[in-house]
Structures are given as C-alpha cells and as structure tokens.
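Remarks on the structure that follows.
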There are 2 protein chains.
Amino acid sequence: MQQKIRMPGMIGEDLLFLTDDQLRRGIEAMFFAYRAFTADPDLILAELDYGRAHHRAVHFINRDPGLTVTSLLAVLGVTKQSLNRVLRTLIEDELVESRVGRRDRRERQLYLTEKGAILERRLSEAQRARMRAAYRNAGPQAVAGFRQVLEAMMDPETRAQYQALKDLPEDRKEPANEQPRRTYSDRR
Amino acid sequence: MQQKIRMPGMIGEDLLFLTDDQLRRGIEAMFFAYRAFTADPDLILAELDYGRAHHRAVHFINRDPGLTVTSLLAVLGVTKQSLNRVLRTLIEDELVESRVGRRDRRERQLYLTEKGAILERRLSEAQRARMRAAYRNAGPQAVAGFRQVLEAMMDPETRAQYQALKDLPEDRKEPANEQPRRTYSDRR
DNA sequence: TTGATAGGGCAGCCTTGTTGACTTTCCAAG
DNA sequence: CTTGGAAAGTCAACAAGGCTGCCCTATCAA
C-alpha cells in the first residue's frame, strides 16, 4: 500500500521527521498557512460581496475556459446546487458567461467575461503575491519539497486531476476522451 | 521588506520557479491538499455531529492544556461568540472541562476530559496517518521544504504564535509574562 | 419513442462565521 | 471600600456556503 520509498541515506537511522510531534507541527503549519493563503483574496471578495466559493469558480473557469458545469463540479468537489447558487450570481453580475455546448447542447460551457477576467486577475495576483514572497524566501529546493508533500497528501483521484490539469492552458484542447465527432444532423 | 535571500546558485539565472504558472500550480496544490487534509477527520466528526470547528478547539486544547478562552480565541482567529457556541457543546458533551482560572478567577482554563482526549486521539491519528504517508513518500528533505514554504506564507504574527507554540507540550509552563504570583488573600 | 444525462430551480436544513448590545464576575488601583 | 475595566458569557439576528430531496426541461443516443 505504501508507495516505493526512495530516501537517499536513510536506512532506519533518520526517521525522526516522522515522529508524532513532527507530524503535529506539519498539521498546524497547514492550518495556519491555509488561513493566510485565503486571507488576501477574502479581503477583496468581501468588499464585492462575494465569497471564497466565487473565487474558486472564477479561478478554475479562468484556468480552463469553456469547461462544462459538470467538470467544474468534479474539480471543486461540491454539489450541483451549491455551485449553481454561486454560478448564478456570477452570471447575473456578468463575470461569467454560460454558452450552450458545441459538442452537446445540454452542456453549458463556462467563460469569464472581460469583467470576470479583471476580477480573476485581481484575486489571483493578491494570492500570487503572497505565494511569490514565500517561494522566494524559501528557495527553489524548498518549493519542490512543498509541492511534493502537498501532492503526496492528495487523494489519488484528486492528484490525477491536479496533474492532468498541468498543461492545459495553451490551446484549450478538446477532452482526450471525446467521441469521434458525429455529424450532428440536429433539427432546429 | 523581503527577508535576506539565501539561495545557493541563483544569480538571476534560475528564477523559473517564480513564474506565474509555477505559482498557480502551488495555489492549486494548496487547495487540493487542504481538502484532503481535512477529509479524514471530517468523516469522523460527521458521525458524531461535530464539525471542523470542534476539531480545531479540541486540537489546541490538547496541545496546550489549561489555556484560557482568550488564548484559544487568538490562536483560532475567530470571534468569541463563534468559539463559544462550539465550546458550549463540547462542555455539555463532557469532552472539555472549563475550570476557573487559578491566576485570575475570571478566566476559564480549558482541559480535555478523558472522553475528550479519546476523541482527540482518534481525530489526530486519522490526520496524522495521511500526513505520515505523505511525509514518508516525499522524504525528509521535501518535508523541510514543505514546512519552510508554509511558514513563509503565514502572517508574521501568526508565524510568531506558531513558532512560540513549538516547545510547549512537555511541562505546561506558566505564561512567561505572568505576574509574580500575588498572595491572593481571597475571601470565600 | 424512450431512457439517460446535463443543467437548473425550489425548499429546507446545518455549521460556522459575523455584529451588536448587554450582563456577570472579579481583579486591581485609587 | 469603591469603582473602572477586563474577561467571560449570553441573546438575537444575519449571511455564506455546504448539504439533501424533489422536480422540471432540454437534449442526446439507442
């Protein structure tokens, strides 16, 4: 069950980083850091009467424009109703546009409007600024370790999602598993 | 404002880890990892009709038995009213005991009961198991980097708190800033 | 034509956060 | 011994954002 262990010079001598106390420190670090991590966007969101849920939606729509409601649901891990409430306000406020799917007209493809993109940049720049400072402070090696531990902490399915999303941004490709493009001889 | 930068062989050549894309990856890693991080305790809590707020309270009371409501408030970063609601149910359910402060009888010092300690162990063991697996998987060097980045991400005051809490557990010392113990000739 | 799927709407519930106003307890200083 | 103020707690009201359950429409695929 445990994945292959590949630790340089560690034949049982140096397992001190696995003590309960070290783990507790890591747990508390996660708690405090996550609070800081969300603090800056939260300030901006509050003044606009949005919440974290809006931020998350906007983030992932920006990262993968044209994704469907169902995909977004899967990424966020919430219920349709929960997401819908958020999405409705974003669409009403003209931050997000919902277009009928090309491939399947039942689907809705989500895009940021220019207004939405502006908010997204404002939010993500605030968040990135903190992350950038932390990265710079800790250095590239630490950053690699940081990412490694976070990935190892994810559920396998989430990790797969996370890794798959890695290289999307360039040209918004069709999902790999797409049907061979039927000649949709649709009426209407 | 930026702390002294000490990065080995980096004279502007290798700043690629600071690109917006790398930062975005880090941001998403935080989001997904935090969700996993809370998932295991959440399952246990749900079956007992508690929430994350209860977990956090129990965690910090366990880590620093006898701390006052005000200190706990400061650590958790929520309002008195919010914490109170949670604390009340924990006390009613006899997981937490609230004793009148020795130093200042207005204060309430918080302790886990045996029942509370059992729940705490159950929750934290679930959380530690995941953390342990991630740590083991990533190795000690990565863990060091992980902690470094998380610390760098915290607000300075939070970081100070976090670091101060480091070595408490052993002998539950009086707060360093305590008054020189007046002979409290109290009636009653 | 029909069953399954994508999306959305509505109702209602819960937890956990918030403010604001108020009381009680009780220490410490005048 | 009185009193100001800190610590703790209470009540009321509200909001965000989770959840479930149920129902409806549009659309696709067989």
Side-chain angles (χ1 to χ4, degrees), chain A residues 35 38-39 41-43 45-57 67-74 76-92 96 98-110 175 178-188, chain B residues 35 38-39 41-43 45-57 67-74 76-92 96 98-110 175 178-188:
Chain A
R35 203 169 55 186
T38 55
D42 279 356
L43 281 181
L45 291 160
E47 77 187 40
L48 298 173
D49 275 318
Y50 292 128
R52 255 178 233 181
H54 299 85
H55 182 190
R56 292 197 283 260
L67 91 172
T68 63
V69 172
T70 309
S71 328
L72 184 52
L73 236 37
L76 295 177
V78 299
T79 58
K80 191 177 51 160
Q81 291 85 336
S82 240
L83 175 57
N84 218 271
R85 186 167 31 194
V86 164
L87 228 34
R88 189 165 40 220
T89 74
L90 291 174
I91 291 170
E92 274 168 15
V96 167
S98 159
R99 302 187 203 148
V100 171
R102 307 188 316 299
R103 171 176 73 223
D104 179 336
R105 305 189 50 215
R106 286 170 304 182
E107 294 179 344
R108 297 291 175 271
Q109 296 192 292
L110 303 169
E178 189 172 32
Q179 317 302 6
R181 181 79 319 131
R182 310 185 177 288
T183 54
Y184 46 108
S185 57
D186 52 346
R187 74 279 180 53
R188 201 226 211 161
Chain B
R35 201 169 57 187
T38 56
D42 279 357
L43 282 179
L45 291 160
E47 78 187 40
L48 299 173
D49 275 317
Y50 293 126
R52 258 178 231 181
H54 299 85
H55 182 190
R56 293 197 282 261
L67 91 172
T68 64
V69 172
T70 309
S71 330
L72 184 51
L73 236 37
L76 294 177
V78 299
T79 59
K80 193 176 48 162
Q81 292 85 334
S82 232
L83 175 58
N84 219 269
R85 186 167 32 197
V86 164
L87 229 36
R88 186 167 40 220
T89 73
L90 290 175
I91 291 170
E92 274 168 16
V96 167
S98 160
R99 304 189 201 145
V100 171
R102 306 189 316 298
R103 168 177 74 225
D104 177 337
R105 304 187 50 216
R106 286 168 302 184
E107 293 180 345
R108 297 291 174 273
Q109 296 192 291
L110 302 169
E178 190 173 30
Q179 317 301 4
R181 180 85 312 134
R182 310 184 177 289
T183 54
Y184 46 107
S185 58
D186 53 346
R187 73 277 180 55
R188 203 225 211 161

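Below, chain A is the first sequence line, B the second, and so on; all start at residue 1. What you are looking at is a predicted structure, and each value in this text was computed from that prediction instead of being measured.
The separation between A/D104 atom CG and D/dA29 atom P is 6 Å, rounded to whole Å. Spacing between atom CZ of A/R108 and atom C1' of D/dT25 amounts to 10 Å, rounded to whole angstrom units. Between A/R103 atom CZ and D/dT27 atom P the separation is 16 Å, expressed in whole Å. Atoms CG (A/N84) and C1' (C/dA6) sit 11 Å apart, rounded to a whole Å. C/dT16 atom P lies 13 Å from atom CG of B/L87, rounded to whole Å. Between B/L76 atom CG and C/dG17 atom C1' the separation is 12 Å, expressed in whole Å. Atoms CG (A/L72) and P (C/dG8) sit 11 Å apart, rounded to a whole Å. Put simply, CZ on A/R102 is 17 Å from C1' on D/dC28, counting in whole angstrom units.
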Taking N or O atoms only and anything under 3.5 Å, show me the protein contacts with nucleotides 1-5 of chain D, one pair per line.
| from | atom 1 | to | atom 2 | distance (Å) |
| --- | --- | --- | --- | --- |
| D/dG5 | N2 | B/R106 | NH1 | 3.2 |

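Using a 4.5 Å cut-off on side-chain heavy atoms (C-beta onward), B/L110 and B/L87 make contact.
The backbone N or O of A/V100 sits nowhere less than 3.5 Å from a side-chain atom of A/R102 that would complete a donor-acceptor pair. When atom types are taken as modelled, the side chain of A/R105 and the backbone of A/R103 share no donor-acceptor pair closer than 3.5 angstrom. Checked by atom type and distance alone, the side chain of A/R52 never pairs as donor or acceptor with a backbone atom of A/L45 at under 3.5 Å.
Taking the ring pair (Phe, Tyr, Trp, His ring centres under 6.0 Å) definition, one finds that B/H54 meets it with B/Y50, sequence neighbours left out. Remark: A/R85 pairs with no residue by the salt bridge (charged side-chain N to carboxylate O under 4.0 Å, His left out) rule, at least two apart or across chains. Remark: B/N84 pairs with B/R88 by the side chain to side chain contact (heavy atoms under 4.5 Å, CB included) rule, at least two apart or across chains. Taking A/E47 as the reference, A/R122 meet the side chain to side chain donor-acceptor pair (under 3.5 Å) condition, with sequence neighbours excluded.
Between B/S98 and A/V100, it is B/S98 whose nearest contact on DNA chain D lies nearer the 5' terminus.
Taking 4.0 angstrom as the limit, A/R105 places none of its side-chain polar atoms (N or O) nearer than this to OP1 or OP2 of D/dA26.
What you find for A/T68 and A/E107 is that their closest heavy atoms are CG2-OE1, 3.5 Å.
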Can you check each nucleotide of nucleotides 15-22 of chain D against protein heavy atoms at under 4.0 Å and return B for base, S for sugar-phosphate only, - for none, in 5' to 3' order? --BBBBBB
